[in-house]
A.B. asks: 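Supplied in structure tokens, the structure appears directly below.
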Amino acid sequence: MFDAFSRKVATADTSGKFIGGSDLDELKKFISLGNRRLDAANFIASNSSCIVSDAVSGIVCENSGLTEPGGSIYTNRKMAACLRDGDIVLRYITYAVLAGDASVLNDRCLNGLKETYAALGVPTASVGRAVGIMKAAAVAFVNNTASQRKMTVTEGDCSDLATEVAGYFDTVLKSIS
Ligand SMILES: CCC1=C(C)/C(=C/C2=NC(=C\c3[nH]c(/C=C4\NC(=O)[C@H](C)[C@H]4CC)c(C)c3CCC(=O)O)/C(CCC(=O)O)=C2C)NC1=O
């Protein structure tokens with residue numbers, strides 16, 4: 001598991017180089033945007049139950065067969081597993097946001113997930129749609145444009161962070177499709 005700093009160290013070490021130049025500039029930027037990063041992770045985390053339940057109810061609205069007999073979230077047990085999976089994915093994304101690196105998400109959450117879903121018959125297209133809805137919500141929270149839930153925060157440009165967060169959701173989508 002890497003963060004922005006340990007990733008630079010590991011990369012430099014494999015080629016026996018000191019860290020400097022553009023690597024240091026990138027770390028400087030990571031530090032200078034640190035408070036925004038903390039706010040972004042906090043906004044996602046403090047709205048996580050809303051983000052997850054909205055995504056899962058969204059896929060059910062779009063495809064009511066999911067919760068009917070024979071559907072992949074028919075029975076409370078499966079609905080609970082589905083909501084829990086949404087929560088797990090979002091939680092690992094907040095860890096990646098804090099670390100500024102996707103390795104925690106890849107290693108601890110996504111590794112083997114596609115195979116698990118295939119074995120259990122969990123439809124990855126529907127998971128992907130839920131992840132896409134969570135992505136839209138999380139990006140809105142990072143940009144503080146969620147219409148019903150504005151955060152009181154010093155205004156600043158978080159578009160780079162929003163792009164980074166969107167990228168973590170894309171990592172999830174790619175790993176299960
Ligand atoms: C640490 C990281 C971690 C992950 C990522 C994880 C995922 C995970 N999701 C599972 C099941 C599941 N996941 C879902 C999810 C869904 N079904 C749908 O149709 C929807 C599209 C979707 C919700 C968006 C369901 C319904 C099951 C239960 C499947 C079954 O038992 O038949 C299982 C099988 C074991 C279990 O039921 O708990 C695992 C391991 N567990 C972990 O520990």
Side-chain angles (χ1 to χ4, degrees), residues 1-7 10 30 37-149 151 161-177:
M1 181 186 140
F2 291 101
D3 56 46
F5 291 90
S6 55
R7 170 78 66 186
F30 183 81
R37 191 173 288 279
L38 294 179
D39 281 339
N42 181 39
F43 290 177
I44 297 172
S46 54
N47 288 288
S48 60
S49 58
C50 166
I51 296 172
V52 171
S53 56
D54 183 54
V56 172
S57 55
I59 61 172
V60 173
C61 283
E62 289 173 358
N63 180 1
S64 56
L66 288 171
T67 50
E68 285 164 9
S72 61
I73 29 184
Y74 176 62
T75 73
N76 291 333
R77 182 186 70 77
K78 289 192 182 176
M79 177 53 91
C82 180
L83 287 163
R84 180 211 56 201
D85 283 13
D87 202 66
I88 292 173
V89 165
L90 198 59
R91 184 161 58 83
Y92 278 96
I93 285 178
T94 64
Y95 295 162
V97 175
L98 285 175
D101 192 280
S103 66
V104 63
L105 173 66
N106 282 318
D107 299 350
R108 305 213 179 154
C109 178
L110 301 179
N111 185 11
L113 188 58
K114 185 179 178 178
E115 292 73 18
T116 302
Y117 282 162
L120 291 169
V122 171
T124 48
S126 297
V127 177
R129 176 66 185 135
V131 169
I133 298 172
M134 294 202 295
K135 173 182 170 182
V139 165
F141 280 113
V142 173
N143 283 323
N144 206 18
T145 53
S147 52
Q148 310 288 319
R149 291 199 184 208
M151 302 288 173
L161 260 178
T163 305
E164 181 183 322
V165 168
Y168 297 138
F169 283 93
D170 292 340
T171 299
V172 175
L173 291 170
K174 216 159 90 195
S175 83
I176 56 167
S177 56

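Because only heavy atoms are used, hydrogens play no part in the values below, and waters and symmetry mates are left out as well, while side chains stay in. As the structure lists them, so they are numbered: ligands from 1, and atoms in each ligand from 1.
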A.B. asks: Kindly indicate, with the supporting measurements, whether the criterion side chain to side chain contact (heavy atoms under 4.5 Å, CB included) is fulfilled by D170 and K135.
C.D. replies: CA-CA 8 Å; D170 292 340; K135 173 182 170 182; 2.7 Å; yes
A.B. asks: So, does N42 use its side chain to make a donor-acceptor pair with the main chain of L38 at under 3.5 Å?
C.D. replies: no
A.B. asks: Considering only heavy atoms of V127, which atoms of ligand 1 have at least one such atom less than 4.0 Å away?
C.D. replies: 21 (C), 22 (C)
A.B. asks: Between the side chains of D3 and S6, is a donor N or O closer than 3.5 angstrom to an acceptor N or O?
C.D. replies: yes
A.B. asks: To the nearest 0.1 Å, how far is atom 20 (C) of ligand 1 from its closest protein heavy atom, and which atom is that?
C.D. replies: C82 SG, 3.2 Å
A.B. asks: Quick one: pull up CG in L105 and CG in L110 and give me the separation to the nearest 0.5 Å.
C.D. replies: 4.0 Å
A.B. asks: Tell me the contacting part of L113 for ligand 1: side chain, backbone, both, or neither, using a 4.0 Å heavy-atom threshold, strictly below.
C.D. replies: side chain
A.B. asks: Are any side-chain N or O atoms of Y168 and backbone N or O atoms of D101, one a donor and one an acceptor, separated by less than 3.5 Å?
C.D. replies: yes
A.B. asks: With heavy atoms of R84 as the reference, note each atom of ligand 1 found under 4.0 Å away.
C.D. replies: 8 (C), 9 (N), 10 (C), 11 (C), 33 (C), 36 (C), 37 (O), 38 (O), 39 (C)
A.B. asks: Of all the non-hydrogen atoms in the protein, which one sits nearest to atom 28 (C) of ligand 1, and at what distance?
C.D. replies: A81 CB, 3.7 Å
A.B. asks: Any idea which atoms of ligand 1 are less than 4.0 Å away from a heavy-atom of P123?
C.D. replies: 19 (O)
A.B. asks: Between V139 and F169, is a side chain to side chain contact (heavy atoms under 4.5 Å, CB included) present by the stated rule, with each step listed?
C.D. replies: CA-CA 10 Å; V139 165; F169 283 93; 5.7 Å; no
A.B. asks: Looking at V104 and A96, what are the two nearest heavy atoms and their distance?
C.D. replies: CG1-N, 3.8 Å
A.B. asks: Could you pull out, from D87, V131, V122, N63, the option with a heavy atom nearest to atom 17 (N) of ligand 1?
C.D. replies: V122
A.B. asks: Starting from atom 40 (C) of ligand 1, find the nearest protein heavy-atom neighbour and note its residue, name and distance.
C.D. replies: T116 CG2, 3.9 Å
A.B. asks: Could you walk me through whether D87 and S48 pass the side chain to side chain contact (heavy atoms under 4.5 Å, CB included) check?
C.D. replies: CA-CA 7 Å; D87 202 66; S48 60; 4.3 Å; yes
A.B. asks: May I ask whether G86 places a heavy atom under 4.0 Å from ligand 1?
C.D. replies: no
A.B. asks: For atom 1 (C) of ligand 1, which protein heavy atom lies nearest, and how many Å away is it?
C.D. replies: R108 O, 3.4 Å
A.B. asks: Are any of the protein's heavy atoms under 4.0 angstrom from atom 35 (C) of ligand 1, yes or no?
C.D. replies: no
A.B. asks: Out of all atoms in ligand 1, which are within 4.0 Å of some heavy atom of R77? Include the element for each.
C.D. replies: 30 (C), 31 (O), 32 (O)
A.B. asks: Any sub-3.5 Å donor-acceptor pair from S57's side-chain atoms to D54's backbone N or O?
C.D. replies: yes
A.B. asks: I need the nearest protein heavy-atom contact for atom 19 (O) of ligand 1: residue, atom name and distance, please.
C.D. replies: S72 OG, 2.5 Å
A.B. asks: Between L120, I88, T124, which one has a non-hydrogen atom sitting closest to atom 2 (C) of ligand 1?
C.D. replies: I88
A.B. asks: Suppose I only count heavy atoms of I59 and a 4.0 Å limit; which atoms of ligand 1 are within that range?
C.D. replies: 21 (C)
A.B. asks: Measure across T94 and A45 and return the closest heavy-atom pair with its distance rounded to 0.1 Å.
C.D. replies: CG2-N, 4.2 Å
A.B. asks: Considering non-hydrogen atoms of the protein only, which is the closest contact for atom 9 (N) of ligand 1, and what is the distance?
C.D. replies: D85 OD2, 2.7 Å
A.B. asks: Do me a favour and list the nearest non-hydrogen protein atom to atom 32 (O) of ligand 1 with residue, atom name and distance?
C.D. replies: K78 CE, 3.3 Å
A.B. asks: Checking side chain to side chain contact (heavy atoms under 4.5 Å, CB included) between V56 and each of I133, L83, D85, which is the one that passes?
C.D. replies: L83
A.B. asks: In ligand 1, which numbered atoms sit nearer than 4.0 Å to a non-hydrogen atom of S126?
C.D. replies: 21 (C)
